[in-house]
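Worksheet: one structure, shown below.
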Amino acid sequence: MTYKAKLRVWRGDDESGDLKNYEVDVNEGEVVLDIVHRLQATQAPDLAVRWNCKAGKCGSCSAEVNGKPRLMCMTRMNTFTEDEVITITPMRTFPVIRDLVTDVSYNYAKARMVPAFAPPADLEPGDYRMAQVDVERSQEFRKCIECFLCNNVCHVMRDHEDNKASFSGPRFLMRIAELDMHPLDTVDRRQTAVEDHGLGYCNITKCCTEVCPEHIHITDNALIPLKERVADRKYDPLFSVASLFRKGKEKRAAAPATPKG
Amino acid sequence: MATTGIDAPGRAKIAAKTLRTDRWWVQPLFTFLALTAFVVYSTWRVFMNKYYYSDPYISLFYSPCLAGSCVPGAQFAGAPITWWAFSPALLIAWIPLAFRFTCYYYRKAYFRSFWLSPPACAVAEPHGSYSGETKLPLILNNVHRYALYLGLVLNVILTWDAILAFRNPDGSWGHVGLGTLILTLNAFCLWMYSLSCHSCRNAVGGRITHFSKHPVRYQMWTFISKLNTHHMRWAWVSLSTVVIADFYVYLAASGAISGSWV
Amino acid sequence: MTDLERHSYDVVVIGAGGAGLRAAIEARLQGKTVAIVCKSLFGKAHTVMAEGGIAAAMGNVNPKDNWQVHFRDTMRGGKFLNSWRMAELHAKEAPQRVWELETYGALFDRTPDGKISQRNFGGHEYPRLAHVGDRSGLELIRTLQQKIVSLQQEDFRETGDYESKIKIFAEVTVTRLLVNDGRIAGAYAYYRETGDFVLFEAPAVVLATGGIGKTFKVTSASWEYTGDGHALAMRAGATTLNMEFIQFHPTGMVWPLSVKGILVTESVRGDGGILTNSEGKRFMFDYIPDVFKAQYATTPEEGDRWYTDPENNRRPPELLPRDEVARAINSEVKAGRGTPHGGVYLDVSSRLPADVIRKKLPSMWHQFKELADVDITQEPMEVGPTCHYVMGGVEVDPDTEQTRLPGLFAAGEVSGGMHGSNRLGGNSLSDLLVFGRRAGLGAAIYVDGLAGSRPSVTDEMVADAEEEALAAFHVEGGENPYTIHADLQQTMNDLVGIIRTESEMREALDRLEGFKERVRRASVQGGRAFNPGWHLALDLKNMLLVSEAIARSALERQESRGGHTRDDYPVMSPEWRQLNIVSRTEGDGVAIYRQPLDPMREDLLELFDVDELKKYMTEAELPKGEHS
């Protein structure tokens with residue numbers, strides 16, 4: 001059941017570019033990345049595409065297929081009809097380098113602004129004890145393969161270039177939530193979440209969750225709980241009063257101010 | 001051409017606001033129509049100031065009925081606010097309004113369908129700038145928990161209203177009319193909506209880092225987390241039962257329906 | 001050449017998988033400046049593909065476990081051809097390396113008393129693999145990545161520059177190691193994005209480039225696995241060891257074609273999955289080799305009891321070392337008892353409840369659901385062998401990981417010796433950590449030892465390297481590199497694959513001669529900016545060199561052992577066990593020679609029963625005084 005698929009692939013660089021039409025053979029069971037590779041091997045050897053594992057585990061082949069942010073390796077061709085034109089473009093939130101490859105360095109810069117895991121100073125390697133129920137929430141977030149599709153789809157940056165400076169996107173707000181819920185972390189990250197990473201920009205429209213190829217419940221399990229934890233501290237005097245009576249319990253030092261750069 | 005967002009310098013030059021080929025606009029459109037209809041209906045009812053009590057049923061827009069102008073039978077705690085000159089619904093209707101306006105689900109719904117920010121995923125929004133919930137008034141969405149606390153108090157009262165709906169006209173227990181069932185169902189749905197709330201999930205256990213040291217709260221959190229995955233569903237179901245319950249009381253109080261089954 | 005980008009570092013680490021990152025962390029902790037050069041984005045290396053876990057004898061689940069048991073398992077798995085010193089260091093240091101990850105923020109699955117949980121795996125006597133569901137490799141790489149970030153934050157606080165001590169050069173490919181007077185002087189590379197060249201001047205280079213999987217057609221490897229480190233080392237004058245030993249993982253996906261080769265984790269079997277043929281027979285019981293008869297169950301009933309009562313039962317043969325299982329599957333398919341798509345069935349759906357499967361094997365469930373439309377909680381998977389790992393690799397000193405070329409170090413899959421002729425599952429991730437750290441330390445000590453006298457890079461070296469890298473642009477009307485690559489993979493798969501014979505390997509070597517000319521004539525369209533055709537043309541040279549080393553070594557070794565099965569020499573030979581086969585470059589090809597193994601230290605030898613050693617060793621090698 002081989003057929004020829006109609007492809008529209010964005011070709012260009014940071015100066016200019018447009019959608020080019022191709023026809024490429026498709027075999028049973030193939031995914032979009034297979035078709036892009038066949039295009040590369042037969043008609044466009046200089047087509048730039050970033051990929052790596054081709055098994056949905058590394059998060060390299062992020063792009064937009066028919067306008068939807070997707071991993072190309074996890075988008076099966078049989079989700080399209082045979083006469084459908086399939087449009088493939090690079091991610092539209094990050095600067096394009098060439099063809100389907102974008103410059104995702106924004107994400108690595110933001111990652112460096114998240115205060116690192118800080119275990120108790122006197123705890124020796126091998127002596128860490130954590131209950132399974134205490135690590136499960138953070139484990140869900142650590143399933144993240146850093147495909148950056150969530151940051152790509154987030155309208156806060158996608159539609160507002162200027163917000164990139166003050167907003168780190170779902171990926172790194174989730175990283176902060178992960179550390180905040182880590183049972184042995186000693187730092188309070190709520191202030192940095194708001195002040196350095198722009199938690200308040202999130203209006204929980206949930207597109208990050210919709211596009212996550214790992215099906216992480218980014219909004220419900222990371223962003224909203226983080227907003228609630230911030231509210232505990234910042235917007236809820238009841239909790240502040242209550243915590244006065246529970247001295248030292250679950251009390252943690254605030255994260256040192258994180259330099260941008 | 002704008003120079004921000006998807007047209008910002010350096011990004012792939014693609015003119016289309018979105019390349020999505022599915023009918024992405026259906027959902028926001030439906031949400032827009034449904035919420036608009038609700039706002040129109042509830043405004044009409046809140047300002048109507050009549051047909052909100054039909055023994056033994058009271059409309060939830062008017063309960064607890066605290067104004068001196070409340071009709072006899074509907075009055076709550078002796079209707080202490082005697083100086084109030086407007087519809088008694090205005091004294092309390094802001095609570096569910098605040099609860100739903102600051103609700104994490106409804107925020108998604110109205111940011112998408114009213115504000116178009118964004119209308120759908122990977123569809124460019126029309127605004128030139130965006131500050132989200134970092135400034136007044138939207139920063140007030142962070143007080144969702146207070147609305148929850150007040151909403152829970154209302155839920156208790158509405159549950160009491162549902163219990164009172166089991167009374168006969170002479171005050172004895174045992175009445176079961178269609179209205180009894182509707183009020184009971186409505187109270188149940190409101191509880192499900194309130195308890196499945198994200199703030200509730202945080203309060204019962206989400207804010208704890210060491211679940212293993214708080215086994216009971218962990219169980220509560222696990223339970224609420226399960227409800228929470230259906231928060232959107234309960235938001236819509238309870239919105240519908242609110243309209244149904246109120247409209248039923250309206251029909252009964254205005255005399256449009258009558259009979260022992262009511 | 002005047003505007004060539006130049007950087008100077010103490011240590012350059014090539015590869016940003018587990019070994020590379022651990023080496024970089026160690027070198028930085030020793031106060032060295034480090035460049036990490038990797039072909040992909042930071043955090044995408046092939047380590048993320050590892051599923052099962054990290055083998056370390058922490059004894060959290062079974063307190064009987066210790067380094068001696070782990071050492072024994074490793075040697076048995078490798079059929080005693082391992083560098084025993086590496087196996088010893090590995091078994092001793094792995095627990096410390098795993099615990100260290102927790103201090104970096106790793107979150108492993110836990111035991112009821114809060115320790116790191118450990119799971120069963122093929123060839124390991126006790127539950128030994130620290131894991132996170134079936135995404136252990138992702139946890140490892142993310143943890144190391146985040147540790148590097150935290151070190152960069154420290155450096156920022158001290159110097160005001162995140163990159164003052166560690167800088168990551170992502171999407172940069174090294175094309176040549178620069179050697180001056182028999183010592184490493186630097187590395188020459190290009191940015192994949194722009195095609196611009198960059199020169200690293202450094203007295204120490206750590207190779208951590210992973211494996212060679214892309215030389216085979218059916219492989220679990222990603223595009224990066226083109227044998228770069230092996231080829232760079234050989235061209236620079238170092239040697240590789242035992243390149244014939246290639247592990248074919250028994251369970252790769254076989255359908256759909258586009259995902260053929262993608263790994264199905266061994267945890268499926270560790271957690272209860274069984275292998276059956278088209279007749280519904282659980283065939284592994286027919287394939288237990290004599291050397292393992294004592295340790296494996298002989299009936300399905302006993303095998304099933306083992307999952308709940310490992311003390312009183314022997315483990316099922318589905319958990320034999322990978323080479324045995326892969327050969328068994330190969331035989332079943334050849335005998336006509338395979339599935340419609342040429343594999344066998346791997347079934348967990350009839351063995352565990354659906355929710356347990358989804359909890360224990362989430363990414364497998366996800367992978368089959370999304371790629372093959374198969375729900376593994378309801379139906380069996382179809383699996384077959386896939387090229388997974390090369391046990392052979394760059395020859396290193398076991399303690400410092402220095403190669404035969406001063407200043408050049410190697411760790412992880414690119415290095416050889418540790419795993420002998422066959423690697424146990426889970427020993428790869430621990431290998432990365434143990435020897436990654438040792439390589440970083442070795443490099444730091446080497447740099448200290450140089451004092452001020454660092455070898456220099458000359459203009460001539462740079463000009464040479466540039467000319468070589470750009471050659472493909474000057475070929476007119478040559479062949480498409482994609483076609484050459486596909487043909488090379490087919491040749492290796494058909495002729496130097498899982499079962500080998502002399503005539504086929506001679507044929508392979510003949511064809512490889514032809515490939516040399518084809519690779520020289522590979523031509524490239526377009527410019528230098530992010531041009532995958534050009535990148536492949538350069539990678540092809542490495543794959544070709546590595547293929548030749550594999551074929552020559554495989555032809556040389558006249559026995560069957562671990563990841564090397566000869567139809568014409570089907571048994572293991574104690575005499576061949578005493579020999580490593582070493583490859584080095586000669587002209588434009590590969591020359592090989594035999595090199596005797598170091599005899600095992602007496603106290604390590606004593607960890608084994610003499611009866612067991614007799615199965616592997618010559619009479620003369622057995623412990624003194626005990627053999628008759």
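Proteins get letters first, then strands, A, B, ... in listed order; numbering begins at 1 in each.
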Original post:
Relative to chain A, which of B/H144, B/R107, B/K135, B/R20 shows the most heavy atom pairs under 4.5 Å?
Top reply: B/R20
**OP:** Test side chain to side chain donor-acceptor pair (under 3.5 Å) on A/D159 and B/H127 and set out the steps.
**Re:** CA-CA 8 Å; A/D159 296 335; B/H127 312 287; over 6 Å; no
Original post:
Checking heavy atoms, do the side chain of B/N141, its backbone, both or neither come under 4.5 Å from chain A?
Top reply: neither
Subject >> Structural part of B/T222 lying under 4.5 Å from a heavy atom of chain A >> reply: neither
Original post:
Hey, is the main chain of B/G206 close enough, under 3.5 Å, to the side chain of A/R229 for a donor-acceptor pair?
Top reply: yes
**OP:** Under the side chain to side chain donor-acceptor pair (under 3.5 Å) rule, what do A/N221 and B/R201 come out as? Steps first, then yes or no, please.
**Re:** CA-CA 10 Å; A/N221 289 351; B/R201 186 180 180 220; 3.0 Å; yes
**OP:** Pick one of side chain, backbone, both or neither for B/Y105, based on which atoms fall under 4.5 Å of a heavy atom in chain A.
**Re:** neither
**OP:** For the pair B/D22 and A/K68, evaluate salt bridge (charged side-chain N to carboxylate O under 4.0 Å, His left out) and give the outcome as yes or no after the intermediate values.
**Re:** CA-CA 10 Å; B/D22 57 335; A/K68 286 189 182 173; 3.4 Å; yes
Subject >> Best-contacting candidate, B/W24, B/F211, B/Y218, against chain A by heavy atom pairs under 4.5 angstrom >> reply: B/F211
Original post:
Is the closest basic N to carboxylate O distance between A/D14 and B/K13 below 4.0 Å?
Top reply: no
Subject >> Donor-acceptor contact below 3.5 Å, side chain B/R145 vs main chain A/E228 >> reply: yes
**OP:** Using the test ring-ring contact (aromatic ring centres under 6.0 Å, His included), find all partners of B/W84 that sit at least two apart in sequence or belong to another chain.
**Re:** B/F86
**OP:** Any chance you could measure B/S212, atom OG, to A/R129, atom CZ, to the nearest 0.5 Å?
**Re:** 13.5 Å
Subject >> Residue among B/A124, B/S199, B/A16 with most heavy-atom pairs under 4.5 Å to chain A >> reply: B/S199
Original post:
Does the ring of A/W10 carry B/R11 above it, NZ/CZ under 6.0 angstrom from centre and within 45° of its axis?
Top reply: no
**OP:** Give a yes or no on whether a salt bridge exists between A/R158 and B/E125, defined as a side-chain N under 4.0 angstrom from a carboxylate O.
**Re:** no
